[in-house]
Amino acid sequence: MNVTPSPQTNAASVSATLNAWFTENARDLPWRRDGFGAWGILVSEFMLQQTPVNRVIPRLEEWLARWPTPASLAAVPPSEAVRAWSSLGYPRRALWLHAAAVQITELHGGVVPSDLDDLLALTGIGDYTARAVATFAYGYRHPVVDTNTRRVIARAIAGAGEPSPPSRGRDLESMGKLLPQSAQEAALFNAAIMELGAVVCTSRSPHCDVCPIRNVCAWRAADYPEYTGTRKAGQKKFEGSDRQVRGLIMAELRSTHRSVTDAELDTLWPDSVQLRRALASLLADGLAMRAQGGYTLPV
DNA sequence: AATGCGTGGGG
DNA sequence: TCCCCAAGCAT
């Protein structure tokens, strides 16, 4: 009696196999420690938005030692948050995390909310981060979809080499179909599929030889067809970009507690028009402010 | 919805 | 070397 696997049994197989694999092979990361807490998880998720794990860990531990609660961060000026962010990149995230800490303190009694809509209302929290916090900090049964999850589903389930461009509804639906019924198993699976994408089913050179779901992988079954769909637009060149100049200015502002003069800024970049443009955008973002004949981080 | 937003490591 | 990518978000 041969049984053709139904989508349900295939989904159950993938989630059970990945959860078993994850239980044995999960990396020992700070935010996975028992009792790490919702605030620590929230901070880690902010830092992990587009920044690799290994670069996040030291900054995260410093951050939580200094600001163990949302209220403690809310009590200092945003300049301190931006400075402690150091060179993690995308410093707007530091500003947004500080703003979220203020909101949590003023609107939620200093307790990181667990409700999806409450989380989404916080500055700097979008669909991924809201779901990650509700799931990993509070154990709710929500689908959590990040870039790793999207890639694993594209390959193992859809048989494509790469995911299509993100589509919120479709992404949540496809992850929802794989999600185990129990909230505890669901939370584990959300982390497990992300982990697989991060360490095995990687974007560039996937390690299919050690993949725990290689036997049910649709991409492998189809003999690894190349991706044919539309790609997301590539990043613009960084060298010579406004982003590079913004980065130089921010590094200068972080390096001192006194105000940085126009003359000092002019030494950072040869094109003064571009430098002014970058500076104006930082002022507009609230990452810099005028002070005492120069510029400082936002107090 | 397409674009802008840092930084650094790896193929 | 250069190009791609990394637990996204806001506009």
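Computed from heavy atoms alone, side chains included, the values below leave out hydrogens, waters and symmetry copies. In what follows, every chain begins at residue 1, and chains take the letters A, B, ... in the order their sequences are listed.
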Any chance you could list the contact pattern along nucleotides 4-11 of chain B? Use B for base contacts, S for sugar-phosphate-only contacts and - for none, protein heavy atoms under 4.0 Å, 5' to 3'. BBBBBBBS
Can you name the side chain to side chain donor-acceptor pair (under 3.5 Å) partners of Arg204(A), sequence neighbours left out? none
Name every residue in residues 140-150 of chain A that has at least one heavy atom under 4.0 Å from any atom of DNA chain C, in order of residue number, or write none if there are no such residues. Asp146(A), Thr147(A), Asn148(A)
Can you sort out which residues in residues 151-164 of chain A have a heavy atom within less than 4.0 Å of DNA chain C? Ascending by number, please. Arg151(A)
Which whole number of Å gives the distance between the P atom of dG4(B) and that of dA7(C)? 23 Å
Without placing hydrogens or testing angles, list every side-chain donor-acceptor pair under 3.5 Å for residues 276-289 of chain A, not counting sequence neighbours.
{"unit_1": "Arg276(A)", "atom_1": "NH1", "unit_2": "Asp262(A)", "atom_2": "OD1", "d": "2.8"}
{"unit_1": "Arg276(A)", "atom_1": "NH2", "unit_2": "Asp262(A)", "atom_2": "OD1", "d": "3.1"}
{"unit_1": "Arg277(A)", "atom_1": "NE", "unit_2": "Asp242(A)", "atom_2": "OD2", "d": "2.8"}
{"unit_1": "Arg277(A)", "atom_1": "NH2", "unit_2": "Asp242(A)", "atom_2": "OD1", "d": "2.9"}
{"unit_1": "Ser281(A)", "atom_1": "OG", "unit_2": "Arg246(A)", "atom_2": "NH1", "d": "2.8"}
{"unit_1": "Ser281(A)", "atom_1": "OG", "unit_2": "Ala278(A)", "atom_2": "O", "d": "2.7"}
{"unit_1": "Asp285(A)", "atom_1": "OD2", "unit_2": "Arg246(A)", "atom_2": "NH1", "d": "2.9"}
{"unit_1": "Asp285(A)", "atom_1": "OD2", "unit_2": "Arg246(A)", "atom_2": "NH2", "d": "2.8"}

Scan Asn54(A) against the nucleic acid and name what it touches under 4.0 Å (heavy atoms): base, sugar-phosphate only, or nothing. nothing
Specify the residues of residues 26-40 of chain A, ordered by number, for which at least one heavy atom lies under 4.0 angstrom from an atom of DNA chain C. Arg27(A), Leu29(A), Trp31(A), Arg32(A)
Candidate pair Leu73(A) and Trp39(A), rule side-chain contact (heavy atoms from CB on, under 4.5 Å), full reasoning: CA-CA 11 Å; Leu73(A) 176 60; Trp39(A) 170 240; 3.8 Å; yes
Each residue besides Leu116(A) in its hydrophobic cluster should be listed here, by chain and number; the cluster joins Ile, Leu, Val, Met, Phe, Trp and Tyr at side-chain heavy-atom distances under 4.5 Å. none
Tell me, please, which residues at least two apart from Thr147(A) pass side chain to side chain donor-acceptor pair (under 3.5 Å). none
Students should find this one: the first and last nucleotides of DNA chain C, 5' to 3', lying under 4.0 Å from a heavy atom of chain A. What are they? dC4(C) to dA10(C)
Answer with base, sugar-phosphate or nothing: what part of the nucleic acid does Ser44(A) contact at a heavy-atom distance below 4.0 Å? nothing
For Tyr224(A), the hydrophobic cluster (side chain heavy atoms closer than 4.5 Å, chained through members) also holds Trp219(A)
Provide the distance between the two P atoms, one in dT11(C) and one in dG6(B), to the nearest whole Å. 14 Å
With sequence neighbours excluded, what pairs up with Thr123(A) under the side chain to side chain donor-acceptor pair (under 3.5 Å) test? Gln103(A)
Pairs under 3.5 angstrom only: tabulate donor-acceptor contacts from the side chains of residues 51-62 of chain A to other protein residues two or more places apart or in another chain.
{"unit_1": "Thr51(A)", "atom_1": "OG1", "unit_2": "Leu88(A)", "atom_2": "O", "d": "3.1"}
{"unit_1": "Thr51(A)", "atom_1": "OG1", "unit_2": "Arg93(A)", "atom_2": "NH1", "d": "3.3"}
{"unit_1": "Thr51(A)", "atom_1": "OG1", "unit_2": "Arg93(A)", "atom_2": "NH2", "d": "2.8"}
{"unit_1": "Arg59(A)", "atom_1": "NE", "unit_2": "Glu62(A)", "atom_2": "OE1", "d": "3.1"}
{"unit_1": "Arg59(A)", "atom_1": "NH2", "unit_2": "Glu62(A)", "atom_2": "OE2", "d": "2.9"}

Are Tyr295(A) and Trp269(A) connected in a single hydrophobic cluster, I mean Ile/Leu/Val/Met/Phe/Trp/Tyr linked by side-chain heavy atoms less than 4.5 Å apart? yes
